[in-house]
Structure formats: C-alpha cells, structure tokens
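A short worksheet on the structure shown next.
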Amino acid sequence: MSETIYKSISPSDFFYRNREIAGFSNPSRAMYSAIRELVENSLDACEIRGVPPDIYIRIREISETGSGTSIYALRVEDNGTGVPPEHIPRCFGQVLYGSKYILKQSRGTFGLGGTITILYGQITTHKPVRVTSSTGGDIHEYEMMIDIVHNKPIILSHRVRANRAGWRGTAVELYLEGDYSRSMYRIYEYLKQTAMVNPYAEITFIDPRGRLYRFERVTEEMPPPPRAVKPHPQGADVETYRRLIAITGEKTMKGFMTRHFQGVGPATAEKFLQEAGIDPGKNPKSLSPEELVKLVRAAREFNGFQRPDPSCLSPIGEHLLEMGIRKELGLTDDDFLKVVQRRPSTYLGYPFIVEAAIAYGKTIERRLGRGIKIYRFANRIPLLFDESSGVVWKVVHKIINWGTYKVSPDSPMVVVVHVCSTKIPYKTVGKEYMADQPEVEREITNALRSIARHLRLYISRRIRLAKERRRLSIFEKYLPKIAEFSAKLCDREKPPDIKPLLKAVSLEVSEAESPLREVPELEEEA
Amino acid sequence: MRRRLKLAEKRRAAVELALKQLGKIICEQIENREFPWIMLQSRSTDNIVYDPELRQYVLGDRVIRRHSRNIRHIRPFTQLIWTAWFARELLKLRKTSTLREVYYSARGLRDIEFKSQDESDEIITDLETALNMPRESFNIYPEERSAIFGDLTIEYTVPGYEGKRLNLTEHPDGMMIGPALSTAEIVETSADKVLVIEKGAMFTRLIEEKAHKRFNAILIHTAGQAPRATRTLIKRLNEEHGLPVYLFTDGDPWGMHIAMVIISGSANAAHLRGLATPDAKWIGVWATDIIRYKLPTENLTDKDVKRLKELKRDPRYQGELWQREIDTFLEIGQKAELEAFSRYGLTYIVDRYLPDKLEEAGA
C-alpha cells in the first residue's frame, strides 16, 4: 500500500511551479508581463495619491544568455503614494500581501503582480531586487530576495537617505531574463494603449536599444477615484458570506443583511429572508452550513434587491477617453471620433460600465492601414492577447452588421471598448480576454451601435462632401471656359464674372461640411 | 454679279449673327447669376418622326435643356460654346474646316479637347440643332467629296475668287463639290435634268460617252451616300432651277437607300431642313430591271435580306414602287451593280438602258 504525502506549499512555491498562469511562460511573454505588472502598480499608486502619474521605465541589456534571450535590468519609477518603509519588505517580498483586498475597482486583483515579477527575476537571474520608496519623508532603499519555500522576504540591505528634494513615489529595479526583440511590439502597444486610457499620465520609456518613447500627458484631469462599497448580496459567494459572519457583531440575520450588504434595507431584508426560509431573528453565527448555502442560492434568485451600486466603479469618462484616443491615434478634426459611456449595468450581481468609442478616417488609414482594429480594455488595462476569442471580437465581427452603417470590412476604423467592473468576466486564468457574458455583450453591442449611427451620418456626409467637392472642381474647370468663349463669341472684351456662380456651388459644399454635431439621438435597441 | 455676292454675304452675316447671339445669351445668363443653358430639340430616336407632308424625317416637339448646372452637361456645353466660337472664327477669317480638323483644332486645349472625332462630330451636330443651321453654313465640311459635271455656270463667293465664274464642263473628271462649289451661286445652265450616279466608274463612263449632251443633263457623282453639300446642291438645282432629278444607283438595298436619303433625308440629319429633294426619282437599277435586262447578278447576302426587310417597314418606303422592288429583290434573291451593264458592251447603258428608264420616268 502506497502512502500519500500531504504537505502544503507556499504561494511563492505555487507560483514558482505555475508561473505560466501569471503570464511568465516564456522570456518574451515574461518581459512584457514584468513591465505590465510594475506599470499597473505604479498607475494605481498614483491614482490612490490623486496625482497625475509620471511613469519612467528603463530597460538595459546586461548580458546575452542564449538565442535571443538576455539578462535585462528593468527599472520602473512612479510618483505615487510610496510604500511605508515597514511594509516594503512584505509588499515586494511576499506573495498575496497587499492593499487590494477591498471591493473596488483596481487594476490588479490579487496583489501579486509586482511580487511575482520580482520572483520571476530572482528565479531567472538569482539577483536581488532593489526597491526605493518614500511617502514624503526619508527615502528607504531595500535590497532583498524572496524565500520561496517560506514565502518570506530576505532583506540584504536597508539604507535610509534624507529626502531633500521632497520626492514621493516608488522605484523598483530588478534583473530578469527576457527577450526584448520578440516582445518589443507588444510592449509598445501596451504602453500606447495604456496612454490612450490614461491621458493624464506621462509615460517615458527607454528601451534596451537606447530609444526613447514618450507618451505625453494631455490633461491634468483625472477620473474620480472609485469608492469602496459593501458587497452586493447577489455578487457575494459562500466564502464572502462566511467571512462576514465571522466578523459581524450583529445578533440577527436581519441586522446582518442590512449592515453588511449594499442596497438592503430592513423591509427588503425581511422579505428576502422570508423567501429564503430563514428566520430574520436568527443569530448569524448559528447558521448551519446547509442554511448558508441556501441563503446564497436564494440571494441569486431574489428580485427585490436594488441594482448594485456602481460608485465603486471608475470609468474613464467620455471626455478623458476622447482625449486619450485622439492623442494616441493622432486624430485630426477631420476624422470621426465618438465616445459613449453606457449607464451602469450588472451581471450576476456585479456592477459594470461599458465605455466605447469608434474612430474613423484618413489619419487611421495613414497610420494603421485599412480594416477594423480593436482596442480592448478591462479596468483600464489593455488586453493584447487572444483578440478573436473575446466578446468584443464577437460583437464587432459577428453581431453588428456594419453594412447598415456604411462601413465595409476594409474601412479605416478603430473600435475601442472599455469594460470596468468589480469583477471582469475573464474567460481564463490568463485574464487576456473577456467572456461573452450576455449582459456585457448586450451593453457592448448597444454602445457600438449607438456610435455607429453617428458614424453612418458622418460617412454619408463624407460621401456627399466628396461629391460636392468634385462638383465644385468641375465647375471651377469649365465655367471660366464658358465665360471666355461666350465673350469672344459675341465680341466682348471681358468675360462675364463667374464668381457668383462658383460661390453658389461652394456654398453647397460648406453646407455639406457643417452639421456634424446635430446627430439626432435615436431609440435604444433592446 | 454684285447682287449675288451680296446674297452670299448676307447668308454669311446671318450665320455670324446667330453665333454672336448665342454668345450674348450665355454672357447675359452668367451676368444674371444664372448657370448658362440652351434649349435644343431632342435628337433621341423617339423624337425623330417622319413627316409625310414634308416627305422627310424631322425632329418631334420634344426639346431638351443643355444646362451647365448639370455636371454631366457642363463638359459638352463648354465644348459647344468653344465650337461656336471656332465656327465664328472660320466665318470671320473666311476659312473652311473639315470635321476632322475641328477635332484636331481642340487638341491640347485643356478641358475642351475631344476624346475622339465622334465626340466633336456630336458637338457640331448639337450646334446645328441649336442654331437650326447645317454645319456647312458655318464652314465645317465632311471629308467625303463628290463631283459634278455638266453645262452649268457658277460664280464663286469664296475669298480670292469672288465673282469668278466657271463652267462645269471645263474639267473632264468633273469638279469636286467642296466648300467653294457649295457656296457658289448658280448663274446659268442649259441642262434640263440632273442625273445622279452612285459610283465614280459609271460617272466617268457617262462623261466619256457624253451623256450630259445626249440627255442634256448635269451629272452628279455621290460617291456612296451623298454628302450634305451634294444633297443641298441637288435640292437647289431641283427647286431653284426647276431641274428634275433622276437617281441611278446599284440594284441592291444599299443603292436603294442612297436614292432614298436624297429623296427623303436621313434620320441622322432630321434636325435639318433643306437637304431632301422629295421630287427626285429613282430610276434604277431596280430589281425588275435585273429580270428585264437579264443583268449579271450576285446572290443577296443575309445582311442584304435583313436590310430589305427593315426597309419594307420604313415609313419612307411605303410607296408602290418601293414595295414592289423590295418584294422583287426578295423574290429573286439577286442583286446587280451598275457595272453589270458592261456585259452588253460599254455603250449599252447610254444607248439603251438610260433612254428607256428616263422615258419611263417621264423625262
């Protein structure tokens, strides 16, 4: 008889064995993921502080390690909140330690992105990470490694420097094995798209070849930060209920429901508990496991709750998104750009908001070529992989009939879709694309259709305008000849003045040019 | 002589005035902030009707507006004005031009240049329709030239030849009917009929055989379909000088039609009057002549048969003679060229055939 050995492994150990889950499956992907994890932490830190982000990224090549792969030094620096010195070692040296275990929208979800990057660097180069940070006071600089088996930081050095310049923020510098030439395009795309949805951020990137990329800030305006909210009874799972019961001071189920969940008043609590078949006066701590499961199941089916509170969401906003897209695509006033933000909606008890935009025109044709390009964002993070598996692709290529809007498959067009939610309906652990959750799919579809109606008007106006211009040029060509020869024909010295006639024609051109903003709002499609 | 010159001068002045008027209208329209336009009779096939009274094809009542406001019209409109100006220059300078030369004259002129001679011919026809005048009146002539021979004295009106007279028997090959002859005044003739011949070889033969003397006729060679200048001349000889006209063509549907166009006009020139000679008579070669004179023949081709069937339905061919001859052609399935008479010797045609036919025709 064989003996099974049970032993627990630390989160660091788990990641060490399953690093593909977090996006570190190969040197090129790892390079991209490392930048992405650190940049997102930096952006979050700046938003928490409420200042427009200044992000500085530099990659240096240290030594070649194989065909295409090298050891690189990666430095990411921000002007965010900074990490209090006592938390620095555990924040960066312990997996699953962080500030993100509350219910509001943020970029990362597990609080492990940064640490995993450090872990990956350590695994591949065996070099320590250097974290420098200040919350406004002294500057603390740590050199450390991660004890993988015990999921603990090992501090190699800790230096404190006076902060004369009043710097605030965090700088992380680590070594990792990567493949820049293979990840170059994606890193650039990632930064460009990040800049698109963060027009208030200034991003500077110096690549291993010494090239400088700057994504400039075009506004100081930032979207209002998300508020932390209580969970919605429908969106919470059994574990959430169990944890809340463990910490509650409420003595009755009715009190428990009203206190810990959003949108539940005493009357609603009473009605719900009755429907669930649980005594409203029962002490939550005496709930049996079977009753708990019953409660969660009943919550999913109960119709009486208010819709989830969307104030925990932080959409970009039509104005900022428009600025970002205009800036990163280099659009001119001649191009079409329309952004819409949908009203908050919910799926399975999670609130979400869809923001979408369509850009169309000559600039796109010149810079990106013809055809429909899709930019997808989830909680302001660009999604760069598995485009054709995601819900946006499905809506753009399978659901919407673009012909209705005078758009052809080779039209120069960019579709931007941003979904923000406390829980993005990712389809896989890799978190690279969103599933076709019916409510989300419908919101994306309606958002794009409402823009497409504007686009149709723009395109027909373009067609008309081009026609009018062509007409004008024809009149400009022939009318002078008619005037010239008719004058000669009747022995006049001067040909008659054709300017008034040309003016009448160009008036028609300017008429065709003017009314872009007067697009009638149309009825919603269900 | 002065009177005649004055007449030619008057005609020329009238054309110039019409052209000038056109220019004035356009200038005034532009000054009134109006996109210039002109009205002309529609020349589309459904507006071409046969007028039994005039005995020729004419344009119906439908008119179209050629409007420079219309993007499809503005190019031909511009070309029309240019062509009018070009015509006026011709008149002013007393020069003539062929249709082909008009096409070439616009070469290199941006925005006016014609894509092909078909296009410039079309514009010239537009100008004819707009002014209600044949192109010859503004000195534009086709390439084809036909010839005339006989005791007819003319007086030139073209520059350098004003007042100069010529008798058309002077040259044994006949005189070419060109712009100078077309615009010349007819002074006098001793002939009492006009004999129109389709083919050059027969024309030469008739001159050699002195047919003009034997039949006291003016001989005209059409070289296939008669050019307009030739048709105008035939009409003038017929109407102004009272000479009966006899038409002598190949004995096939195509020959028949050459005769018919002289008599009743063509659909192509339905916008013009003064080209048809309704009283001209077709004297041969008839289908019945083929039988009667036992002429050497060829078989009718499919195309010939098809053409005959078309002609049978044509309103111009509804007369008894025409119907009878068409039926006979179809019946015998044969056709004969003018040259077929050589079978009976070179003089047969003047000795036997023509006297017979002319007599039958009442000459």
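The analysis underlying the following values was restricted to heavy atoms, covering all of them including side chains, and did not include hydrogens, waters or symmetry mates. Predicted, not measured: the structure shown is a model, and the values here were computed from it. A, B, ... follow the sequence lines: proteins, then strands. Residue 1 opens every chain.
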Could you tell me which non-hydrogen atom of B:P36 sits nearest to which non-hydrogen atom of A:I482, and how far apart they are?
CG-CG2, 4.0 Å
Nearest 0.5 Å please: distance from the CD1 atom of B:I25 over to the CG atom of A:L489.
10.0 Å
Counting neighbours of CG on B:D61 that are heavy atoms of other residues, nucleotides or ligands and sit closer than 6.0 Å, is the number greater than 12?
no
With a strict 4.5 Å heavy-atom criterion, list every residue of residues 368-375 of chain A that contacts chain B, or say none.
none
Quick check on the structure: residues of residues 81-95 of chain B within a heavy-atom distance below 4.5 Å of chain A, by number.
B:I81, B:W82, B:A84, B:W85, B:R88, B:K92
Pull out the residues in residues 117-130 of chain B that come under 4.5 Å of chain A, heavy atom to heavy atom, sorted by number.
none
Once you round to the nearest 0.5 Å, how far does OG of A:S486 lie from NZ of B:K24?
12.5 Å
Contact winner vs chain A - B:L19, B:T78, B:L80, heavy-atom pairs under 4.5 Å
B:T78
Pull out the residues in residues 491-500 of chain A that come under 4.5 Å of chain B, heavy atom to heavy atom, sorted by number.
A:D491, A:R492, A:P496, A:D497, A:I498, A:P500
Toward chain A, the part of B:E16 with a non-hydrogen atom under 4.5 Å:
neither
To the nearest 0.5 Å, tell me how far B:H73 NE2 sits from A:Y478 OH.
13.5 Å
If one checks every heavy atom of B:I112 against chain A at 4.5 Å, the contacting part turns out to be side chain
Atom NZ of residue position A:K192 - does it have more than 12 heavy atoms of other residues, nucleotides or ligands inside 6.0 Å?
yes
